[in-house]
Amino acid sequence: SAIALIVMFQSEIRRLLSRIGRSRWLGLGGQLERREMVDEIILALQQMAEVRSGALIVVEREIGLRTFVESGVPLDASISRDLLCAIFHQGGALHDGAVIVQGDRVAAAACFLPLTTNPVMQRRLGTRHRAAIGITEETDALALVVSEETGEIAIASRSDLEPNVTLDRVRERLTRHAARRKTDLQHEPRWNQAEP
C-alpha cells in the first residue's frame, strides 16, 4: 500500500521536494535562484538588443501585479533566455505587451500596462517606454525595455526612466531589486502579508 500511495501521488511528491529544494530558508538556495533569474534576463536582453527585438519585462516587488497578470496570457514558467526571446520574437503572438516576472517565474506575457500621463514623456517616448514608466508610477516594480528602433536598453523605476544603460547597470539594478524584495518580504508584518 505504501508503494501504491507513492505511485498515486508521485507528481505531488516531486513538486513538494522541488519546493523544499528551492525554498528560501535554505539561504544559499534563494541566492542561487536570484542569480540564475538575473543571469537569464541579462542574456535575453543582450540577445534582443543585438537583433533589435522590442521587449518590455516587468519585475514585481512588494506591490502585487495580479491585475496586470490577468490582462495577459498566463504562463507560470521558469525564467529562461530562450523563453523570453521566443515571447518577444518579431511577429510572434505574444510580442506585443509586457512580460511580468513574479519571484523566479514568468507569470504572464502580452500583459497590458497603464501608459504614463506625463505630457513630456508622451511626446518623447514610444508606447513600450511609456508603459514601463506607467507601471512604475502605480507600483514599486522595475521595468526593463529594449527599443525596437535602436536596440538600446532602458530601466524604469519610481516613475523615472534611465535610458541607454549597459548590461552591467541592468545586472546591478536587478540584483538590488531582487535582494530588496526578499528583505522586505522577510520583515513584512504578518497582517500585511495577507494583503493582495
Side-chain angles (χ1 to χ4, degrees), residues 22 24 28-63 65 68-69 72 75 77-92 94-111 113 116 121 124-137 139-184:
R22 285 197 325 239
R24 296 211 154 112
L28 185 60
Q31 288 176 11
L32 288 173
E33 249 176 53
R34 288 200 307 276
R35 197 178 310 146
E36 284 172 15
M37 182 265 285
V38 170
D39 286 345
E40 292 297 326
I41 292 176
I42 293 292
L43 288 168
L45 289 174
Q46 183 178 23
Q47 188 170 323
M48 291 186 288
E50 285 171 1
V51 298
R52 296 189 181 182
S53 178
L56 173 52
I57 301 169
V58 178
V59 185
E60 185 184 71
R61 196 174 149 217
E62 275 187 277
I63 299 173
L65 302 174
F68 306 108
V69 167
L75 294 178
S78 298
I79 296 173
S80 73
R81 171 183 59 181
D82 292 338
L83 175 61
L84 291 172
C85 289
I87 289 169
F88 291 112
H89 181 71
Q90 290 276 8
L94 304 178
H95 176 70
D96 291 322
V99 157
I100 294 180
V101 174
Q102 293 178 315
D104 63 338
R105 312 282 291 173
V106 174
C111 300
L113 303 181
T116 180
M121 299 295 188
R124 280 178 34 218
L125 302 171
T127 307
R128 272 196 189 91
H129 291 80
R130 287 179 5 230
I133 297 168
I135 192 69
T136 66
E137 287 173 344
T139 72
D140 57 357
L142 187 75
L144 308 168
V145 189
V146 179
S147 169
E148 206 165 294
E149 293 174 8
T150 64
E152 290 178 358
I153 300 169
I155 302 171
S157 175
R158 300 173 187 263
S159 311
D160 194 28
L161 188 76
E162 191 178 346
N164 196 17
V165 296
T166 63
L167 289 170
D168 286 338
R169 176 63 174 156
V170 177
R171 182 183 297 280
E172 177 197 325
R173 293 295 302 274
L174 266 176
T175 304
R176 245 181 24 219
H177 186 78
R180 218 181 298 150
R181 181 178 188 274
K182 181 174 183 280
T183 306
D184 291 339

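Just so it is clear, the values below take in all heavy atoms, side chains as well, and ignore hydrogens, waters and symmetry mates. Positions are given from 1, in the same order as the sequence printed here.
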Asker: Between Q102 and V69, which heavy-atom pair has the shortest distance, and what is it?
Answerer: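 Smallest heavy-atom distance, with atoms named: NE2-CG2, 4.0 Å.
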Asker: Please find the pair of heavy atoms, one from A110 and one from L94, that lie closest to each other, and give the distance.
Answerer: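 Looks like CB-CD2, 4.0 Å.
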Asker: Just verifying a value: how many Å separate M37 CE and S78 OG, rounded to the nearest 0.5 Å?
Answerer: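 So the gap between those two atoms works out to 12.5 Å.
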Asker: Using side-chain heavy atoms (C-beta onward) and a distance below 4.5 Å, is I42 in contact with R81?
Answerer: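 A side-chain contact under 4.5 Å is absent here.
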Asker: Rounded to the nearest 0.5 Å, what separates atom CG in L167 from atom CD in Q46?
Answerer: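 Between atom CG of L167 and atom CD of Q46 there are 5.5 Å.
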Asker: In the structure I gave you, are the side-chain heavy atoms of T136 and R158 within less than 4.5 Å of one another anywhere?
Answerer: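 When only atoms from C-beta onward are counted, R158 and T136 do not touch, as no gap falls below 4.5 Å.
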Asker: CD of Q90: more than 12 outside heavy atoms within 6.0 angstrom?
Answerer: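 Yes.
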Asker: Do D168 and E172 have side-chain heavy atoms sitting under 4.5 Å apart?
Answerer: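 No, too far: nothing below the 4.5 Å cut-off.
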Asker: I41 and side-chain contact (heavy atoms from CB on, under 4.5 Å): which single residue from V38, L43, L45 fits?
Answerer: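 Filter result, single survivor: L45.
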Asker: Evaluate whether atom NE2 of H89 has more than 12 neighbouring non-hydrogen atoms of other residues, nucleotides or ligands under 6.0 angstrom away.
Answerer: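 No, the 6.0 Å shell around NE2 holds no more than 12 heavy atoms from other groups.
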Asker: Measuring from L83:CG to L75:CG, what's the distance to the nearest 0.5 Å?
Answerer: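 Taking CG in L83 and CG in L75, the distance rounds to 6.5 Å.
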Asker: Roughly how far, to the nearest 0.5 Å, is CD1 of I133 from CG of D160?
Answerer: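 D160 atom CG to I133 atom CD1 measures 7.5 Å (nearest 0.5 Å).
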Asker: Determine whether the side chains of R52 and T150 contain a donor N or O and an acceptor N or O closer than 3.5 Å.
Answerer: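 The answer is no; no qualifying pair exists.
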Asker: I need the minimum non-hydrogen distance between A154 and L161, along with the two atoms involved.
Answerer: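 Looking at all heavy atoms of both residues, the shortest contact is CB-CD1, 4.0 Å.
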Asker: Looking at side-chain heavy atoms only, is the closest gap between L56 and L113 below 4.5 Å?
Answerer: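 Yes. Closest side-chain heavy atoms under 4.5 Å.
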Asker: Is E40 close to L84 at the side-chain level, that is, under 4.5 Å between some pair of heavy atoms?
Answerer: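 A side-chain contact is absent here, since even the closest heavy-atom pair is not under 4.5 Å.
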Asker: Which heavy-atom pair separates S53 from F88 by the least distance, and what is that distance?
Answerer: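 Between these two residues, the closest heavy atoms are OG-O, 2.6 Å.
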Asker: Between N164 and I153, is there a side-chain heavy-atom distance shorter than 4.5 Å?
Answerer: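 With C-beta onward as the side chain, the pair stays apart.
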Asker: If you measure from CD on E60 to CG on L65, what distance do you get to the nearest 0.5 Å?
Answerer: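 Here the rounded value is 4.5 Å.
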Asker: Got a donor-acceptor contact below 3.5 angstrom from the T139 side chain to the I63 backbone?
Answerer: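 Pair absent, no side-chain N/O of T139 close to backbone of I63.
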Asker: Can you tell me how far the CD atom of E149 sits from the CZ atom of R128, to the nearest 0.5 Å?
Answerer: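 It is 10.0 Å, given to the nearest 0.5 Å.
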